[in-house]
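Atom set for the values below is all heavy atoms of this structure, side chains included, hydrogens, waters and symmetry mates excluded. Note that the coordinates shown come from a computational prediction; the quantities given were computed from them, not determined experimentally.
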Amino acid sequence: MIREIAVDEHYTHVGVFDQMKSGDIVKIPYERKRYSAIRTEKARRNREARLTGELMNNMDLKFRVSATENPGYITIFRIK
């Protein structure tokens, strides 16, 4: 399911990742600082999934983030 998130006082990066299910795509308005924070959270979530055994190796991913998929938006993909 594709969702577009509005950034307001209730928005948190962690909350967006917590609400996602397998196969979801989320679009968030682009801002350089926000993009860096989302990439950091993505790396944490993928590392945690590797440590718990949910992912098998370094090439296996649970989340992906793109700034070029939809111009003007940060796109978060949950793969697994």
Side-chain angles (χ1 to χ4, degrees):
M1 179 168 82
I2 299 174
R3 293 184 303 160
E4 188 171 328
I5 303 292
V7 178
D8 58 3
E9 65 273 357
H10 301 292
Y11 169 81
T12 63
H13 307 305
V14 176
V16 171
F17 280 89
D18 287 341
Q19 294 174 0
M20 292 180 73
K21 295 182 176 140
S22 182
D24 282 356
I25 299 172
V26 174
K27 296 188 326 182
I28 302 169
Y30 181 83
E31 186 179 304
R32 179 180 281 178
K33 290 179 183 180
R34 187 177 302 132
Y35 181 59
S36 296
I38 290 173
R39 284 186 12 205
T40 302
E41 183 64 24
K42 177 230 10 156
R44 286 182 191 136
R45 298 285 176 129
N46 286 333
R47 183 187 67 223
E48 186 178 307
R50 280 189 206 96
L51 292 173
T52 59
E54 191 173 341
L55 300 177
M56 296 302 152
N57 57 27
N58 287 340
M59 297 299 290
D60 203 6
L61 296 173
K62 186 173 182 180
F63 291 98
R64 289 191 62 119
V65 174
S66 173
T68 59
E69 183 73 24
N70 296 306
Y73 290 96
I74 301 165
T75 309
I76 306 171
F77 305 94
R78 177 160 177 186
I79 300 168
K80 294 184 180 186

Notebook entry, point to check: Which atoms form the tightest heavy-atom contact between I28 and Y11, and what is the distance?
Noted result: CD1-OH, 3.6 Å
Notebook entry, point to check: More than 12 non-hydrogen atoms from neighbouring residues, nucleotides or ligands closer than 6.0 Å to CZ on R3, yes or no?
Noted result: yes
Check: R39: what forms a salt bridge (charged side-chain N to carboxylate O under 4.0 Å, His left out) with it, not counting sequence neighbours?
Finding: none
Next item on the list: Quick one: pull up OG in S36 and CD1 in I38 and give me the separation to the nearest 0.5 Å.
Entry: 9.5 Å
Notebook entry, point to check: How long is the gap from OG1 on T75 to CG on N70, to the nearest 0.5 Å?
Noted result: 4.0 Å
Check: Taking it one step at a time, do R44 and E48 satisfy salt bridge (Lys or Arg N to Asp or Glu O under 4.0 Å)?
Finding: CA-CA 6 Å; R44 286 182 191 136; E48 186 178 307; over 6 Å; no
Margin query: Using a 4.5 Å cut-off between side-chain heavy atoms of Ile, Leu, Val, Met, Phe, Trp and Tyr, which other residues end up in the same hydrophobic cluster as I2?
Written below: I25, F77
Next item on the list: Sequence neighbours left out, what passes salt bridge (charged side-chain N to carboxylate O under 4.0 Å, His left out) with D60? Give chain and number order.
Entry: K80
Check: Do the side chains of I5 and Y73 join up, straight or via other hydrophobic residues, at under 4.5 Å, putting them in one cluster?
Finding: no
Next item on the list: Tell me, please, which residues at least two apart from E4 pass salt bridge (charged side-chain N to carboxylate O under 4.0 Å, His left out).
Entry: none
Margin query: So, taking the atom named CG in L61 and the one named NZ in K42, what distance separates them when rounded to the nearest 0.5 Å?
Written below: 7.0 Å
Item checked: Those residues that, when tested against D8, pass salt bridge (charged side-chain N to carboxylate O under 4.0 Å, His left out) (two or more places apart) -> none
Notebook entry, point to check: Do you know the tightest heavy-atom contact between S66 and T68?
Noted result: OG-N, 3.2 Å
Margin query: With heavy-atom distances below 4.5 Å as the criterion, would you say the side chains of V7 and R34 are in contact?
Written below: yes
Margin query: A side-chain contact here means heavy atoms from C-beta on lying under 4.5 Å apart; do K62 and R78 qualify?
Written below: yes
Check: What closest approach, in Å, do I74 and P29 show between heavy atoms, and which atom pair accounts for it?
Finding: CD1-O, 4.0 Å
Notebook entry, point to check: Rounded to the nearest 0.5 Å, what separation is found between the CZ atom of R45 and the CG atom of L55?
Noted result: 13.0 Å
Next item on the list: Only counting residues at least two apart or in another chain, list the ones meeting ring pair (Phe, Tyr, Trp, His ring centres under 6.0 Å) with F63.
Entry: F17
Check: So which heavy atom on A67 is nearest to which on Y30, and how close?
Finding: CB-CE1, 4.0 Å
